[in-house]
A.B. asks: 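Would you mind keeping the following structure in view while I ask a few things?
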2 protein chains.
Amino acid sequence: MQADKVFKALGDPTRRKLLDLLCEKNGQTLGQLCENLDMARQSATQHLEILEAANLVSTVRRGREKLHFINPVPLHEVYERWVRKFERQRLSLLHDLKKELEGE
Amino acid sequence: MQADKVFKALGDPTRRKLLDLLCEKNGQTLGQLCENLDMARQSATQHLEILEAANLVSTVRRGREKLHFINPVPLHEVYERWVRKFERQRLSLLHDLKKELEGE
DNA sequence: AGAATATGCAGGTAAATACCTGCATGTCAA
DNA sequence: TTGACATGCAGGTATTTACCTGCATATTCT
């Protein structure tokens, strides 16, 4: 997993919207995705390239079209490494701050 | 939740390291955190400000020191919105791609 | 074949980002 | 009260990012 690419990919509202669009209807072409985006096609292409580099989207060429599919695996890995770790200690981490605010 | 700030905050290795450092020992001062970072103090301050703006870190002033505490809540919210959604459909999303690769 | 369609490639710009140095302020302790 | 220490503030630079326009290539359909 490359946490860096995954988080950077998710750190942009356009790219999160692309994931949501693909979640509604997987396997859309570049053109279909662009219809929902309000930016030039080439800008959308760049966003999709970033999602692909983060392995969050896989593509398949079909004739002159390019189909885009969500790959949920990196999200799961990010969750395992970056969310569960803190989730496990959630209450004790909050307790640390509370104790300090109350004056030790 | 501000997904944008949270993901952008997580999209930098220094900031993820800061979270790991605080996870090992919560409530560290700026100076303590800097000792583990290999960059100027002011650069670390900027990273901590970004984590604080994303609400991933809360601070408490104690005399001339500033203590830093992890706040795990935004991570949990990001998980609920951005991971569980895809996790629920994980197998069907992967199936879409597999089907396409096999030629419909 | 030729026109329409879908995507790729090559730049170019403005704003954001991640660093830095230098100096100022506030706090503690002898 | 003065020196040492912890942090804050101001500004400066190089790189990355998120857009764009214009043109090229590849595929389909008539």
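The chains referred to below are lettered A, B, ... by the order of the sequence lines, with proteins before strands, and numbering in each begins at 1.
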A.B. asks: Got a second to check how far A:Thr14's OG1 is from A:Leu19's CG, nearest 0.5 Å?
C.D. replies: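 Output value for this atom pair is 11.0 Å.
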A.B. asks: Distance check needed: C:dT17 C1' versus B:Gln42 CD, whole Å only.
C.D. replies: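 My rounded result for the distance is 14 Å.
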A.B. asks: Taking A:Asp96's backbone N and O only, do any of them form a donor-acceptor pair with B:Asn26's side chain (distance below 3.5 Å, no angle check)?
C.D. replies: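 Looks like no, no N/O pair under 3.5 Å.
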A.B. asks: What are the bounds, 5' to 3', of the part of DNA chain D that sits under 4.0 Å from heavy atoms of chain A?
C.D. replies: D:dA18 to D:dT28
A.B. asks: List in chain and number order the residues that pass side-chain contact (heavy atoms from CB on, under 4.5 Å) with A:Lys8, two or more places apart in sequence or in another chain; answer none if no residue qualifies.
C.D. replies: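 So A:Lys8 forms a side-chain contact (heavy atoms from CB on, under 4.5 Å) with A:Asp4.
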A.B. asks: With the threshold set at under 4.0 Å for non-hydrogen atoms, list the residues of residues 17-33 of chain B touching DNA chain C in residue-number order.
C.D. replies: none
A.B. asks: Enumerate the residue pairs fulfilling side-chain hydrogen bond (donor to acceptor under 3.5 Å, both in side chains) with a member in residues 41-54 of chain B, sequence neighbours excluded, ordered by first and then second residue.
C.D. replies: B:Arg15-B:His47, B:Glu52-B:Thr59
A.B. asks: Any chance you could measure B:Leu94, atom CG, to B:Lys99, atom NZ, to the nearest 0.5 Å?
C.D. replies: 13.0 Å
A.B. asks: When hydrophobic residues are tied together by side-chain contacts of less than 4.5 Å, even through go-betweens, does B:Leu10 share a cluster with B:Ile50?
C.D. replies: no
A.B. asks: Using whole Å, report how far CE of B:Met39 lies from P of C:dA18.
C.D. replies: 10 Å
A.B. asks: Just how far is it from atom CZ of A:Arg84 to atom CG of B:Leu75, taken to the nearest 0.5 Å?
C.D. replies: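 Result: 14.0 Å between the selected atoms.
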A.B. asks: How close or far is atom C1' of C:dC19 from atom CG of B:Asp12, stated in whole angstroms?
C.D. replies: 11 Å
A.B. asks: If you assign each of A:Lys8 and A:Glu49 to its closest nucleotide in DNA chain C, which residue comes earlier from the 5' end?
C.D. replies: A:Glu49
A.B. asks: Within the side chain of B:Gln28, is there an N or O that forms a donor-acceptor pair under 3.5 Å with the backbone of B:Leu67?
C.D. replies: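 Looks like no, no N/O pair under 3.5 Å.
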A.B. asks: Is there a path of hydrophobic side-chain contacts, each under 4.5 Å between heavy atoms, that joins A:Val73 and A:Val57?
C.D. replies: no
A.B. asks: Answer yes or no: does a side-chain N or O of B:His47 lie under 4.0 Å from OP1 or OP2 of C:dC19?
C.D. replies: yes
A.B. asks: Please write out each protein N/O paired with an N/O of nucleotides 23-30 of chain C under 3.5 Å, distance rounded to 0.1 Å.
C.D. replies:
| residue | atom | partner | partner atom | Å |
| --- | --- | --- | --- | --- |
| C:dT27 | O2 | B:Arg64 | NH1 | 3.4 |

A.B. asks: Using the ring of each side chain (for Trp, its six-membered ring), is B:His76 parallel, tilted or perpendicular to B:Tyr79, with breaks at 30° and 60°?
C.D. replies: tilted
A.B. asks: Among all residues two or more places apart in sequence or in another chain, which pass the side chain to side chain donor-acceptor pair (under 3.5 Å) test with A:Ser58?
C.D. replies: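 Once residues adjacent in sequence are excluded, A:Ser58 has no partner under the side chain to side chain donor-acceptor pair (under 3.5 Å) criterion.
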